[in-house]
Amino acid sequence: MLDIRRIRTEPDVVKAALARRGIDVSDIDRVAELDERQRRLGVERDEIRAQVKALSKQVGQLHRDGRATEAAEVQAESRALGEREGELAAEAAAASAEVRELLLRIPNTPHPDAPDGAGDADNPVLRVTGFDPDGYGDHQRIPHWELGPRYGILDNERAVKISGAMFTMQRKGGATLARALLQYALDRNADAFEEVRPPSLVSSETLTATGQLPKFADDAYWVERDDLWCIPTAEVPLTSIHRDEIVETDELPQRFMAATSCYRREAGSAGRDTRGMLRTHEFDKVEVFAYATPEQAPDLLAEMVARTEATIGSLGLAYRTLEICTGDMGQSHHRSFDVEVYAPGTDQWLEVSSISWFADYQARRGNIRYRPGGGGTAMVHTLNGSALAVPRVWAAIVETYHRPDGGIDVPSALLPYFRGSDRIA
RNA sequence: GGAGGGUUGCCAGAGCGGACGAAUGGGACGGUCUCGAAAACCGUUGUGGUCGCAAGGCCACCGUGGGUUCAAAUCCCACACCCUCCGCCA
């Protein structure tokens, strides 16, 4: 959520920033109008309320003095004022509710250094690491959705029987690989991040803080009976750890990591990437997260990108890093980078991590504050990113590590997790 | 799921229609005293909104949302959460 005071004091700056996303910015004017109305009504309401309070005190005093008749007169006067106050209060409340509804749907302003662009085709590639297009043999040019069934490590046919389209099931070394990747990503970040095992079902408030609600409700699984939502990423519960709290400044930055399953309805992408592990309703991911001061945020962002790159690189996979342009940014993002792994069998760059700085956008939604040096309170900044998203890395490993003579090797970094075996299949 | 008890400020805890943003104690912070410290004593100690150049004023907040009343922490209703017992359960 944007700061209403910014919209109030510099609406044109806010509009110019949002326009870089290529969206309609007329809501900003609408918010400004409603905010003005809400304040005007609120001031009037408070003035009448103050009068009612003063009169009520008089009534109490008159009763104690035994002057019942006069008390009744003041009561009548106060009652009339009270009715007017009630009307004003209702109008003011309606206006502020509308302001909030609009604010919840207005996206974050991009960072000045974020590149301009209309869509994902405009995301600049910052660097490509470990990639040699001619360095792959024919045995590596087989997609994982062929290799998986061939070696009995991917059984999507039965996953579909069990749960429906776009669910996957790994077996044997494939299941071990999926779990090993989680463990590995956690271990690599344990030096700086506290491990958390958060709930996977969360309340609407929690899902609103990170930005999925109200606008993107269709993308999430909802358990209607209990009004709970399946988390689409561990970002959601991690961000709400300190919701409605004031975080101790000397504890910032505060970093968390969590391995969780993630649930996504993928509404609107039915029929796309249906094969293999590229797009699934349920997948596992290790997420890293931080609360920070505005000053700490840029370095943390860079560190998180570097950590993810190093993790993917350490698995012997080729990857490239992109910065997300203004037209492709998520609603809550202020600045964002993607890491994509190269999968030789499918000959595609697969997004395996998105690392983002949210500025105070999520913190304002979740009311997460700290006490800056100058006194008072301010919203913290939040950052998060995938340390490692399993399915696409799984696919890249299976394709990259397929041997000319058959079988799939375990990347050396994962050997400690394979119970003495050096083969996935 | 059933029965009962509870939810007040940083913490503990009083208040159960009017002078309560809230007693009292503890903690924290500042000061006096001291060579220094402890003790003692004094003081300070919430968040947000809004108006104002400022000083400051006004308003809101006693789990959440409604209601009753001239007036609600206090009365009524609903919901959430916590505790105890019973049931169920990995």
Side-chain angles (χ1 to χ4, degrees), chain A residues 1-9 31-104 197-209 213-214 222-229 237 240-252 261 360 363-380:
Chain A
M1 197 155 73
L2 297 180
D3 186 352
I4 185 67
R5 268 164 296 207
R6 260 183 86 202
I7 295 177
R8 216 178 268 163
T9 56
V31 166
E33 279 170 39
L34 280 163
D35 171 57
E36 152 76 34
R37 174 178 162 77
Q38 175 265 120
R39 275 186 298 157
R40 203 177 55 238
L41 290 165
V43 167
E44 210 180 325
R45 176 204 59 209
D46 284 354
E47 280 167 1
I48 293 184
R49 223 174 242 180
Q51 291 177 42
V52 170
K53 280 175 74 165
L55 290 175
S56 292
K57 281 184 184 169
Q58 277 183 37
V59 171
Q61 188 57 50
L62 289 169
H63 275 303
R64 275 189 295 280
D65 295 348
R67 295 153 75 179
T69 319
E70 289 163 75
E73 283 168 24
V74 179
Q75 275 181 35
E77 189 185 342
S78 182
R79 184 185 300 128
L81 276 173
E83 277 165 28
R84 177 74 185 131
E85 189 244 289
E87 290 165 18
L88 285 166
E91 287 178 49
S96 38
E98 210 175 328
V99 167
R100 183 174 166 80
E101 273 167 42
L102 282 169
L103 280 179
L104 283 175
R197 198 4 285 229
S200 305
L201 298 178
V202 299
S203 67
S204 296
E205 291 72 35
T206 295
L207 206 62
T208 301
L213 290 181
W222 179 44
V223 184
E224 180 170 14
R225 233 176 131 89
D226 299 289
D227 192 19
L228 289 167
W229 302 79
S240 274
I241 285 178
H242 286 306
R243 185 152 50 81
D244 292 320
E245 293 181 24
I246 299 175
V247 182
E248 293 301 330
T249 305
D250 56 16
E251 288 174 15
L252 293 174
S261 294
D360 60 6
R364 184 165 291 105
R365 287 170 161 260
N367 189 29
I368 309 161
R369 293 171 292 171
Y370 75 109
R371 300 181 196 280
T377 61
M379 298 298 165
V380 300

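The sequence lines fix the lettering, A, B, ..., with proteins before strands; numbering per chain opens at 1. FYI, side chains are in, hydrogens and waters are out, and symmetry mates aren't considered; it's all heavy atoms of this structure.
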Checklist entry - If you check the A/Arg39 side chain, which of B/rC58, B/rU47, B/rC51 turns out closest? => result B/rC51

Item to check | Heavy-atom neighbours of A/Glu251 CD exceed 12 at 6.0 Å | outcome: yes

Next on the checklist: Please pick, from B/rU47, B/rC59, B/rC70, the nucleotide with the shortest atom-to-atom distance to any side-chain atom of A/Arg79.
Outcome noted: B/rC70

Item to check | Atom P, compared across B/rC62 and B/rU74: separation rounded to whole Å | outcome: 8 Å

Item to check | Enclosure of A/Arg100 CZ (heavy-atom neighbours >12, cutoff 6.0 Å) | outcome: no

Item to check | Residue A/Ser78, side-chain heavy atoms: nucleotide from B/rC70, B/rC59, B/rU47 that is nearest | outcome: B/rC70

Item to check | Atom-pair distance (CG on A/Asp227; P on B/rU64), nearest Å | outcome: 19 Å

Item to check | Base-paired stems that RNA chain B participates in, counting runs of 3 or more Watson-Crick or G-U pairs under 3.5 Å | outcome: B:1-7 with B:80-86, B:10-12 with B:24-26, B:27-32 with B:40-45, B:46-51 with B:56-61, B:63-67 with B:75-79

Checklist entry - Going by an N to O cut-off under 4.0 Å, is there a salt bridge joining A/Glu36 and A/Arg40? => result yes

Taking only N/O atoms, report every protein-nucleotides 77-80 of chain B pair under 3.5 Å with atom names and distance.
none

What does the list of N/O pairs under 3.5 Å between the protein and nucleotides 17-21 of chain B look like, with a distance for each?
residue : atom : partner : partner atom : Å
B/rG18  : N2   : A/Ser56 : O            : 2.6
B/rA19  : N6   : A/Arg64 : NE           : 2.6
B/rA19  : N6   : A/Arg64 : NH1          : 3.4
B/rA19  : N1   : A/Arg64 : NE           : 3.4

Next on the checklist: Using the P atom as the point on both nucleotides, what is the distance between B/rC20 and B/rA28, in whole Å?
Outcome noted: 29 Å

Checklist entry - Using the C1' atom in both, what is the distance from B/rU69 to B/rC76, to the nearest Å? => result 12 Å

Checklist entry - Are a donor atom and an acceptor atom from the side chains of A/His63 and A/Gln75 found within less than 3.5 Å of each other? => result yes

Item to check | P-based separation of B/rG25 from B/rG18 [nearest Å] | outcome: 23 Å

Checklist entry - If the P atom of B/rA60 is compared with that of B/rG65, how far apart are they to the nearest Å? => result 15 Å

Checklist entry - Are A/Glu91 and A/Arg37 ion-paired here, with the side-chain N under 4.0 Å from a carboxylate O? => result yes

Next on the checklist: Distance check, P atoms only: B/rG57 and B/rU64, in whole angstrom units.
Outcome noted: 27 Å

Checklist entry - For atom P, what is the distance between B/rA3 and B/rG9, given to the nearest Å? => result 29 Å

Checklist entry - Are side-chain N/O atoms of A/Arg365 and A/Thr208 paired as donor and acceptor at under 3.5 Å? => result no

Checklist outcome for this item: Quick note, A/Asp46 side chain, CB onward, closest among B/rC58, B/rC70, B/rU47 is B/rC58

Item to check | Nearest-neighbour nucleotide for the A/Thr377 side chain, B/rC51, B/rU47, B/rG49 considered | outcome: B/rU47

